[in-house]
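Owing to the predicted nature of the structure, the values given are computational and were not obtained by experimental measurement.
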Amino acid sequence: MVGADREREALARAAALVAGARRGVAFTGAGVSAESGIQTFRGKDGLWRQHDPYRTSSIEAFLQDPSYYWRISAERWPAYAASRPNPGHLALAALEEEGHLAAVVTQNTDGLHRQAGTKRLVELHGNGRRVRCLDCGAAEPREEVQRRLERELPPRCRACGGRHLKPAVVFFGESLPAAAMSEAFQLARECDLMLVVGSSLQVYPAAHVPGTAVERGVPLVVVNDEPTPMDVAAEVVVRGRSGELLPELLRLVRSSRPERH
Ligand code: APR
Ligand code: ZN
């Protein structure tokens, strides 16, 4: 079977599994936002190929030198600020709306699933649109902090003058938000389908979420541009770009539904 036929066949099998799901969970990573113009971390042209992840976003390195993180944030901010949900985000919101997905559990901090209309969203790694001062707890919107980076590196807290303004995202070495974790694992324990989109599945404990569903024998569908460590456990692996594949998956799910009378 040549490549295109194989992908079409995989997509059809994935659509049949999604069409049959009533409590599916989509577990997403940076790959689902790649087509919104936000750079991924791993895989080809990933951020961690250009910058050391530890120096960039571990809490230990940040506390010693917050400028390192903010210098890279300044580089990435224009793409981040300009990003909008892509057809992949919108397709996942539609699959929730039409009763196949119970929720989206995401590692992404860009807020694009929420903007796309996903109602039940679990942000395991927080949300980068808000910034908090580690010294006094004051919070402010990200864009205001980004605006003063040119003349103020690291940015100083408006309330206490502190140097540790940090986006409300989970850095390496920090624990994940407990409420998000318990909701994500509860969803994984109750789901009837696990759909992984755009994640290299290399970061824990987040990757335990799809792992929990797989351990229960729930069908796993992987939509990803490159191989992942969980491909071997998947019922179906669809190789390619989520911004094209997810709308196609949605179309096949809709066409497989008996006509509503
Ligand atoms: N469509 C589908 N998959 C894609 C696309 C695309 N358009 N573009 C890239 N990918 C795939 C890549 O091949 C890669 O396997 O998405 C995956 C992205 O993997 P990562 O960059 O590692 O992102 P993620 O899995 O979300 O990383 C998890 O690591 O650095 C931390 O906190 C950060 O939340 C992040 C976590
Ligand atoms: Zn402060």
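- Between Tyr68 and His51, the ring planes are perpendicular. Angles over 60° get that label, and only those under 30° would be called parallel.
- For residues 190-205, the pairs satisfying side-chain hydrogen bond (donor to acceptor under 3.5 Å, both in side chains) are Gln107-Ser199, Gln186-Glu190, with sequence neighbours left out.
- Listed for the Arg158 side chain is no donor-acceptor partner under 3.5 Å among the backbone atoms of Ala138.
- One hydrophobic cluster holds both Leu149 and Tyr69 under the rule that ILVMFWY side chains link at heavy-atom gaps under 4.5 Å.
- Although no hydrogens or angles enter the test, the distance criterion places a donor-acceptor pair under 3.5 Å between the side chain of Arg156 and the main chain of Gly161.
- In this structure, the side chain of His100 engages the main chain of Ala21 through a donor-acceptor pair within 3.5 Å.
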Next item on the list: Using the side-chain contact (heavy atoms from CB on, under 4.5 Å) rule, take Ile59 and Leu134 through it: C-alpha gap first, then chi angles, then the decisive distance, then the call.
Entry: CA-CA 11 Å; Ile59 187 64; Leu134 299 186; 4.2 Å; yes
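- Atoms NE2 and CD, from His164 and Gln64 in turn, are 9.0 Å apart once rounded to the nearest 0.5 Å.
- Ser83 contributes a side-chain N or O that, together with a main-chain N or O of Tyr80, makes up a donor-acceptor pair within less than 3.5 Å.
- Between the OG1 atom in Thr56 and the CH2 atom in Trp48 there is a gap of 4.5 Å [rounded to 0.5 Å].
- Leu252 and Leu193 fall within a single hydrophobic cluster, where Ile, Leu, Val, Met, Phe, Trp and Tyr are joined by side-chain heavy atoms under 4.5 Å apart, directly or via other members.
- Under the 4.5 Å side-chain contact rule for hydrophobic residues, Leu124 and Val170 share a cluster.
- Put simply, Leu101 and Val32 are part of the same group of oily side chains (I, L, V, M, F, W, Y) that touch within less than 4.5 Å, one to the next.
- Checked against Arg120 for a side-chain hydrogen bond (donor to acceptor under 3.5 Å, both in side chains), the options His113, Glu183, Glu96 give a single hit: Glu183.
- The line from CD1 of Ile38 to OG1 of Thr109 is 7.5 Å long, rounded to the nearest 0.5 Å.
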Checklist line | Full working for side-chain contact (heavy atoms from CB on, under 4.5 Å) between Arg129 and Arg114 | finding: CA-CA 12 Å; Arg129 306 263 168 187; Arg114 183 75 73 203; over 6 Å; no
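- When the side chains of ILVMFWY residues are joined at heavy-atom separations under 4.5 Å, either directly or via intervening members, Val218 and Val25 end up in two distinct hydrophobic clusters.
- No more than 12 heavy atoms of other residues, nucleotides or ligands shown are found within 6.0 angstrom of CD on Glu97.
- Under a 3.5 Å cut-off, the side chain of Arg71 and the backbone N or O of Leu153 do not form any donor-acceptor pair.
- Classification of the Phe62-Phe171 ring pair by plane angle, with boundaries at 30° and 60°, yields perpendicular.
- Without hydrogens or angle criteria, Ser33 side chain to Ser36 main chain gives no donor-acceptor distance under 3.5 Å.
- For Arg241, the side-chain hydrogen bond (donor to acceptor under 3.5 Å, both in side chains) partners are Asp225, not counting sequence neighbours.
- Taking NZ from Lys166 and OG from Ser73, the interatomic distance works out to 12.0 Å, rounded to the nearest 0.5 Å.
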Check: Step by step, would you call Arg257 with Glu98 a salt bridge (charged side-chain N to carboxylate O under 4.0 Å, His left out)?
Finding: CA-CA 11 Å; Arg257 269 201 294 261; Glu98 295 170 26; 2.7 Å; yes
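- Distance alone, capped at 3.5 Å, is enough to place a donor-acceptor pair between the Arg239 side chain and the Glu226 backbone.
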Check: Should Arg251 and Glu248 be marked as a salt bridge (charged side-chain N to carboxylate O under 4.0 Å, His left out) after you check the CA-CA gap, both sets of side-chain angles, and the distance that decides it?
Finding: CA-CA 5 Å; Arg251 193 186 63 74; Glu248 183 56 17; 2.7 Å; yes
